[in-house]
Amino acid sequence: MGASLTKAAQWTSSGTGKLEFTPMNESLLKEILCFVEQFSSQHPQEAEHVFEAPLQWSTTLVASDFKTDYDIDLDVQSHEKDSEGLPLLKLSPPTVYVRSFSQLSKLVHLADDKKLEEVRACLEQVRLDPTAVKNDMELLKRFCSEGEKRVLKSVRYTSYEFTNGCRAPLWRQVHGEICHLVIETCDTEDLYITCSTTGVFVNGSDMYKDLVTLLKSQSPYFAENINKQDFAVEELPSTQRIQHVESVDKKEQGQPQRSYEQQEKNVHDKARQQQTLYKTGREKFYVPCPRWKNLGLTFPSGAKSKIKAEFSVSSIPGRLSSQKSKTPAGAMPVELSSESSLESEEEEEQSERRVESDTDLPPEYWQIQKLVKYLKQAGDQTATVLTLCAMMDFDLMQETCQLAIRDVGGLEVLINLLDTDEVKCKIGSLKILRKISHNVQIRQTIVDIGGLQNIVRILDSPVAELKALAAETIANVAKFRRARRTVRHYGGIKKLQVKLLDFSWNLDTLTPNQKKDVEVARCGVLALWSCSKSAKNKKAIHKAGGIPLLGRLLKSRDENMLIPVVGTLQECSSKQESYRIAIQTEGMINDLVKNLNSDNDELQMHCASAIFKCAEDKQTRDLVRKYNGLQPLVSLLGKVNNKQLLAAATGAIWKCSISTENVAFQKHKALETLVGLLTNQPEEVLVNVVGALGEFAQIPASQAVINKCGGIKTLVKLLVGTNEAIIDQLDGVRLVWSLLKNPNPDVQSSAAWALCPCIENAKDAGEMVRSLVGGLRLIIDLLKSTNNEVLASICAAIAKIAKDKENLAVLTDYGVVQLLAKLTNTTDDRLRRHLADAISQCCMWGSNRASFGEAGAVAPLVRYLKSKDSAVHESTAMALYQLSKDPQNCVTMHSKGVVKQPLIQMMGSDDEMLQEAAAGCVRNIRLLAQAN
């Protein structure tokens, strides 16, 4: 099961042993949670089986969360114990130890709304992380002291520590490796060990759960003497922990020298690993298939410099030092404030997805890896260029080919080639990087190994083709926050504008050199477009004078140039008033309007989106009208199949319609078209359409048109939806609430029903309700109505309103308890259901539970349980459960026979909420009986 879980789950690539927050993982966690919860009931005998070793993790539960069946002191211990008298559950905050499925199921139940967090924490604890390995190393270091306690000679890392705590090379960390160690024992040869998130193993041998277990199996002397140490299994106090462990010296004696070919051989033999757990007595041995043995390579210090040298193409003239270390991405200067919270979070930490076995890998995978190996050993420029050309013959847009390059360390080679003085080598490398950087994992690895800095430096090259390729590669890589920040830190924003966009050209007569400059500019704008998703990069673009340069390029006739230019402008104009003003003053509105008539849907979409964002200002709205932009915007409404274009067009129309001078929209039948878009459209379109209709509706003539087209009826239907944005923009909640004053009972009930989803889905529902002057008093007054439909809807609204404590306090002061209690004798099942919901929620304040009992609400509620409506049963059981927290109410319920028949039967219901409520009520009555 452990191996299957390791494959199925999506783990972070940072080596910390954490689960990604992805839909797949959420689904997996829910399945595991469901299995654990049901295991005890479905397999009661198996649930009592005691685990050989306890599950342990850091829990969010505290001692007060455990009730009966547990001994509670400083620690919590279960009453259930194994044959040796050890508790099956023990809580020593914050760590919990569980030794059976029965106790695991109970603990999950106690976790309540934090069940998934507990399952996640338990699963993550199973995997190793850098901190656990470091603690083991600190412990083992103490065994290296001279004297009787010495059981090891030395323990050493083979490399420095990265910012994420790992010490394995970056391109091995993506395979889950944490670090590589060299351990000298007293009775065996030196052990070369790989630590990964799934365990530790001697290269080419079996896998074990931790370093101590591995050393016991490999060194008889260690196994014999380790148990004699009184601190063998204790974690060192923080004051005694060794903060630094020595690294392997490059001239360390006694280490085997292995060629790069020997070290890399195993990487190509297999593509995946499976683990099999064998048990002998109470000992566990993790025996992997050959793939994990092969992937878990460590490089002895003697071979380290050789490998690094082979990664370079040292014979190429002008080659920088092959021993140059790339700056990890985490080593860049850290800014006090993070990137804008509005910028895209996509791809920030995508999980690794690998093919399952070597049988799934096509021949191209191995062929590319052979070429990369040859590229590492290429001795001159010609061989390097030919190898790069051979690599480009493959379809590098396929993920298999892309990952083949990464898996064998090809990215480091390609990045190193950018440091050479040979233009052909740089061009070949960038052509490959440009294609493979479309892959999410590839672009993250490029940033991890410091390759983006090298690409940014290429922008200073006098060679146009190099600059174009570098810019296009940056455009692909800068799809996530860390990459965009790196570009800015290394001066990439200014270089993209000054070096690439600032050139003179004539639209009618372009020379060959000018055509190259135009292509360079196009690639530069693509890079700026990707970088502009960061708020700080937007400011950097403006500060470097990018808007005038973009304005010049906006006059181009090439759609391939116009799309990234307009895309950058519309991205930057979002919530940036300085950009909107600059776009106006540079005369770009005219060009944007002209391009609305293009045949390219993408260009039209970006132009409409730019107008949408810039039309916040009246001057822009006037310019759109001046340049005849209203009619093209209305014509775009006909492209109903392109939702992105439709959203941009309706947004532009909405903002432009704010100016009453733009009534010319109606000349083009804009209102009729907008009303037709109120159905079967995504929310982003609906928000804009409703906003536009709201602006048009301020003109009397437009009101008649909207009504004639059936717009009022459609708008009313939207009020019962959950799109808060639409309702907020038209102040819908206040308007609907005011309808409660209407004397017509049908209007009152419809308004109350409409308010329920509005209150439930509002971000700050409590504050919204309190902001309506006299709103709560109006709700209370309607509880005196004689119309059951009105009463049911008002009770439903009170159940939503009372979820906010402050609002519940106000309702209590207005006498909501007494009014609700008077309604309990009703026989209307619909009213009963919502009345019980309202009573359940109102019990949450002060002495309301006792007040309901004093008002005589308890006995009638018991009769509700005889209803044939299951919804009434659930609401009533919840209300009785809340009321049963008051002792006098328990007495009343018991006297009415609530326990013998209704509640006991409901405890066997298939409805879990009904089960829990009925059981909770019975429990409270039983506790009172026991106390007396």
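The shown structure was predicted, so the numbers you read here are calculated from the model rather than taken from an experiment. The first residue of the sequence shown is numbered 1, and numbering continues consecutively from there.
- In this structure, a donor-acceptor pair under 3.5 Å is present between the side chains of N848 and T812.
- Annotation: side chain to side chain contact (heavy atoms under 4.5 Å, CB included) contacts of K784 (sequence neighbours excluded): D781, L819.
- Residues that satisfy the side chain to side chain contact (heavy atoms under 4.5 Å, CB included) test with V810, not counting sequence neighbours, are L776, Y814.
- Salt-bridge annotation for E80 and K106: present, with a side-chain N of the basic residue lying under 4.0 Å from a carboxylate O of the acidic one.
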Dump the intermediate steps for salt bridge (charged side-chain N to carboxylate O under 4.0 Å, His left out) on R770 and D804, then the final yes or no.
CA-CA 10 Å; R770 288 191 294 274; D804 181 86; 2.6 Å; yes
Evaluation steps, side chain to side chain contact (heavy atoms under 4.5 Å, CB included), between Q56 and R99:
CA-CA 9 Å; Q56 65 182 77; R99 304 184 63 204; over 6 Å; no
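- The closest side-chain heavy-atom distance from H49 to F101 is not below 4.5 Å.
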Applying side chain to side chain contact (heavy atoms under 4.5 Å, CB included) to S785 and I794, what does each step give before you reach the verdict?
CA-CA 10 Å; S785 172; I794 292 299; over 6 Å; no
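- Looking only at atom types and distance, the side chain of S92 has a donor-acceptor partner in the side chain of D75 under 3.5 Å away.
- Between the side chains of E117 and T60, not a single donor N or O lies within less than 3.5 Å of an accepting N or O.
- Using modelled atom types and a 3.5 Å distance limit, the side chains of Q103 and Y70 yield a donor-acceptor pair.
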If you apply the rule side chain to side chain contact (heavy atoms under 4.5 Å, CB included), what do you find for L835 with Y864, and how did you get there?
CA-CA 11 Å; L835 175 59; Y864 289 9; 3.6 Å; yes
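- A salt bridge does not link E684 to K643: none of the charged nitrogens lies less than 4.0 Å from a carboxylate oxygen.
- Contact check for E118 versus W57: side-chain heavy atoms found under the 4.5 Å cut-off.
- Residues W737 and M768 are not in side-chain contact: their nearest non-hydrogen atoms beyond the backbone lie 4.5 Å or more apart.
- Side chains of Q748 and K741: a donor-acceptor N/O pair is absent below 3.5 angstrom, by distance only.
- We find that R830 and E789 are joined by a salt bridge, their nearest charged nitrogen and carboxylate oxygen being less than 4.0 Å apart.
- Side chain of S78 to main chain of L88: a donor-acceptor pair is present (N/O by atom type, distance under 3.5 Å, no hydrogens or angles).
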Determine, step by step, whether V891 and I925 satisfy the side chain to side chain contact (heavy atoms under 4.5 Å, CB included) criterion, reporting the C-alpha distance in whole Å, the side-chain angles of both residues, the deciding distance to 0.1 Å, and the verdict.
CA-CA 8 Å; V891 173; I925 295 173; over 6 Å; no
